[in-house]
Amino acid sequence: MQGSRKVQFELVSPYKISPGQQTAIDQLEENFKTKDKQTLLGITGSGKTFVMANIISRLQKPTLILAHNKILAAQLYGELKELFPHNRVEFFISFYDYYQPESYLPAQDMYIEKDSTVNDEIEKMRMHAVSSLVSRNDTIIVASISCIYSLGNPDDFRTMAIQLETGARMSRTQLIHSLVDMQYERNDQVLEPGRFRVRGDTVDIVPSYENDILRVEIAGSTISKIKEVHRITGDVQNTLDSLTLYPARQYVVPEEKHALAIEHIQQELEQRLTMLPPLEAQRLKQRTNYDLEMIREVGFCSGMENYSRHFDGRRSGEPPFTLIDYFPKDFLLIIDESHQTIPQARGMYNGDYSRKKSLVDFGFRLPSALDNRPLQFNEFERKMGRVLFVSATPADYELGKSGLPVELITRPTGLLDPEVEMHSIEGQMQHLMAEAKKTIERGDRVLITTLTKRMAEDLADYLVKEGFRVRYMHSEIESLDRIELVRQLRIGEFDILVGINLLREGLDIPEVATIFILDADKEGFLRDARSLIQTIGRAARNVNGKVILYADIQTQSIKRAMELTYYRRSFQKRYNQQYGIIPKTIIKAVTLKESVIKGTKHLAKSDIQRQIVELDAKMREAAEKLEFEKAIALRDALVELQKSLAHKLEKEASDPEI
């Protein structure tokens, strides 16, 4: 809710720049004077994020940082907020907790309607990111690759915003109409982000990107006062002279564009109907006319984004607007873990196109729906501008674009790369448990990586029965719950985290001293040299770092990973001797904010069974004490646990090989 201001990033840090970091920062800054694309080859624990922050501070450009998974994005977001407390650091990831896209399966003649669950907190953070970007230049946005998906027209988003000033002429009716145009919902009973209420000549608004209430008091046809009011207590926190209020949704369309867009949609429909068989033509005509009627009457319809090409005024095949279009042309793009993020960007378009092609071919959508899409990779490349690729293991693409990388292969803490051992698969469980006990007794944590989700679940269940405190992480666990799992591991609520690919990169857990890699000799995506190097790096933040590879054969990937790790250990030892550094484990604060992890997907079967027994006992005890409300709540929780356990057992029976 602020006006635009001149870029002025202010880096605040208690850390001193190490000699290795200083060399990398100077080299990157100098290189950017003559070329737009560079690669930073930085090992785990070398301070890549700190170097990135210094580059942002030196270049003074609005910055977009892409991360390949949500945990890494959240970690970067938290670190950069601490480093830039006086600037806007924002978070932009997919806001779906659950998402089933609209699709049609011709072989089964099955239409699957779109179904989704939106995470309100993430949606608010996305809106806050967009509003910061259009109002301030000192903005850093940490985003997942979903930011290259179609978003509303940035010009429409800016022009739909309203400027509120005390003393300005604006009637209550005009303000209400403007709010409705910006897709704010009127609700005089429940005030939530994206809603407003009217009481006499006072209009209370909760911007979709804020928590507190914006109170606008109107006298006659003039704004008399603008106040920020605490949403819970109702206390006035601030009185404002002016502010800019941005739309409630990312996709908004000015009313004057509606008539032309509807006309173009009707023209496309008429052309398309002549090309389809009777059944498909009737289906498309009925669905499209219903959507058009909704747009005429209420201003929007379900799936309105499928008509975005017409509302944006784009031609067929033109790239959609994305978050990148909200940045000024002279911005900085940092692609973290680029060897993973770049392949993600390559695959986004093809997956989306193949799904929508069936919908278009069989009369569920107009061909223009194909233009509501992610950027094709060549389109993404054209929008890149000034780019810094960051990776411990850069791929050929990055090196081909940037030339020789700037290396950052020393750690300011003096920490060495972990010791790496190979152990035979025979007797691996007994060996793993013995090593894990040693680690836990020292007060450190353990990571275990497996090849399949089923193996991760079975291993977690086995270790729980052996007395270990274990959780497992996989793709079905929601984004914010994954972050909470990592936090709980760090503070010691459990000691071992089991997972598959999610444990590979970007996890900053200094408490982890030992990593076990099962089936290390099974060559493939999860066990190639790059994957092994990245996994080994997770133990490089602890002075007791150790990685054990369970394998019967030393594959080329294992050989390469072990040789590179040994080289880096030797290089760091020489660096430590040169500067008199004594290695010590990284000390990193753990956030105190707790959240409840929904469901039981992170729990082993044995943990669920134990909780069922405990809850049953507590429920009976509450009933005996006549605490019936408590007993009912415990009974409901017990039923949910029993359903979860039954679902796990049923899934195991039906999918034995998962």
Side-chain angles (χ1 to χ4, degrees), residues 1-2 88 90-99 114 116-135 141 146-147 149-154 156-164 170 172-199 202-216 218 226-232 234 237-238 240 243-255 258 294-295 297-305 308 311 321 323 326 479-480:
M1 294 190 293
Q2 299 185 36
R88 287 289 177 90
E90 306 289 359
F91 192 52
F92 192 98
I93 63 173
S94 171
F95 51 34
Y96 293 114
D97 279 339
Y98 167 74
Y99 182 65
K114 177 181 173 181
S116 62
T117 305
V118 172
N119 186 303
D120 294 333
E121 190 62 31
I122 294 178
E123 184 178 25
K124 185 163 64 177
M125 295 175 85
R126 281 169 62 104
M127 286 303 304
H128 201 279
V130 174
S131 65
S132 293
L133 197 51
V134 298
S135 62
I141 295 185
S146 64
C147 73
Y149 203 91
S150 176
L151 204 61
N153 187 329
D156 288 343
F157 190 85
R158 290 186 180 96
T159 56
M160 291 287 284
I162 56 174
Q163 187 70 29
L164 301 174
M170 179 178 284
R172 190 189 76 157
T173 303
Q174 287 174 319
L175 177 57
I176 291 171
H177 284 172
S178 296
L179 291 171
V180 172
D181 287 344
M182 292 195 297
Q183 295 191 24
Y184 282 88
E185 298 176 16
R186 179 169 178 174
N187 190 314
D188 292 340
Q189 305 301 318
V190 181
L191 203 55
E192 295 177 346
R195 291 181 177 179
F196 70 96
R197 71 182 173 207
V198 182
R199 291 179 176 173
T202 300
V203 181
D204 287 342
I205 311 158
V206 181
S208 57
Y209 43 88
E210 301 287 356
N211 289 315
D212 290 331
I213 296 168
L214 178 66
R215 178 163 293 165
V216 182
I218 297 173
I226 304 171
K227 301 174 182 175
E228 282 186 23
V229 178
H230 193 279
R231 191 172 163 193
I232 306 299
Q237 295 185 304
N238 199 7
L240 306 171
L243 64 87
T244 303
L245 180 65
Y246 291 99
R249 300 285 178 267
Q250 290 157 12
Y251 192 79
V252 288
V253 180
E255 193 173 347
H258 279 209
M294 288 293 293
I295 293 169
E297 293 299 321
V298 298
F300 62 92
C301 70
S302 176
M304 187 171 174
E305 64 274 7
S308 61
F311 287 101
F321 295 107
L323 182 68
Y326 286 75
S479 310
L480 298 181

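Proximity of Thr244 to Leu164: side-chain heavy atoms (C-beta onward) are nowhere separated by under 4.5 Å. Side chains of Val253 and His258 form a contact here, defined as non-hydrogen atoms less than 4.5 Å apart. For the pair Pro154/Val134, no side-chain contact is recorded, criterion being any heavy-atom separation below 4.5 Å from C-beta on. You'll find the side chain of Val216 stays beyond 4.5 Å of the side chain of Thr202, heavy atoms only. Looking at heavy atoms from C-beta onward, Val252 lies out of side-chain contact with Asp181 at the 4.5 angstrom threshold. Counting only heavy atoms from C-beta outward, the side chains of Phe321 and Ser150 never approach each other to under 4.5 Å. Side-chain contact check for Arg199 versus Arg197: some heavy-atom pair is nearer than 4.5 Å. Val206 has its side chain out of reach of Asp212: every pair of non-hydrogen atoms, C-beta onward, lies at least 4.5 Å apart.
Ion pairing between Asp156 and Arg158 fails under the 4.0 Å rule for side-chain N and carboxylate O.
Here the CD1-CZ distance, from Ile213 to Phe196, works out to 14.0 Å after rounding to the nearest 0.5 Å. Note: Ile226 CD1 to Glu228 CD = 10.5 Å, rounded to the nearest 0.5 Å. Within the model, atoms CE of Met304 and CE of Met294 stand 11.0 Å from one another, a figure rounded to the nearest 0.5 Å. How far CG of Leu323 is from CD of Gln250: 8.5 Å, rounded to the nearest 0.5 Å. Taken to the nearest 0.5 Å, the OG atom of Ser132 stands 10.5 Å off from the CE atom of Met127. Between the CD atom in Gln174 and the CD1 atom in Ile218 there is a gap of 8.5 Å [rounded to 0.5 Å].
Under a 3.5 Å cut-off, the side chain of Tyr246 and the backbone N or O of Met160 do not form any donor-acceptor pair. With Arg195 contributing its side chain and Val190 its backbone, the two residues share a donor-acceptor pair below 3.5 Å. In this structure, Ser208 contributes its side chain and Gly194 its backbone to no donor-acceptor pair below 3.5 Å. No donor-acceptor distance shorter than 3.5 angstrom exists from the side chain of Asn238 to the backbone of Lys227, with no hydrogens or angles considered.
Taking both residues in full, the closest heavy atoms of Ala129 and Ile141 are given as O-CD1, 3.8 Å, listed atom of the first, atom of the second, then distance. Nearest heavy-atom pair across Pro193 and Arg231 is CD-NH2, 3.5 Å.
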Practice prompt. Would you sort out whether Phe311 and Ile295 count as a side chain to side chain contact (heavy atoms under 4.5 Å, CB included), showing the intermediate values?
Written response: CA-CA 11 Å; Phe311 287 101; Ile295 293 169; 4.0 Å; yes
Discussion item. The test is side chain to side chain contact (heavy atoms under 4.5 Å, CB included); show your working for Asn187 and Gln189 and say whether it passes.
Written reply: CA-CA 6 Å; Asn187 190 314; Gln189 305 301 318; 3.5 Å; yes
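Between His128 and Phe91, the gap from one ring centroid to the other reaches at least 6.0 Å.
Within 6.0 Å of atom NE2 in His177, 12 or fewer heavy atoms from other residues, nucleotides or ligands are found, so the atom counts as exposed in its surroundings.
The residue from Asp204, Leu175, Ile176, Leu179 that alone fulfils the side chain to side chain contact (heavy atoms under 4.5 Å, CB included) condition with Val198 is Ile176.
Using bins of under 30°, 30° to 60° and over 60° for the plane-to-plane angle, the ring pair Tyr326/Phe157 lands in the perpendicular bin.
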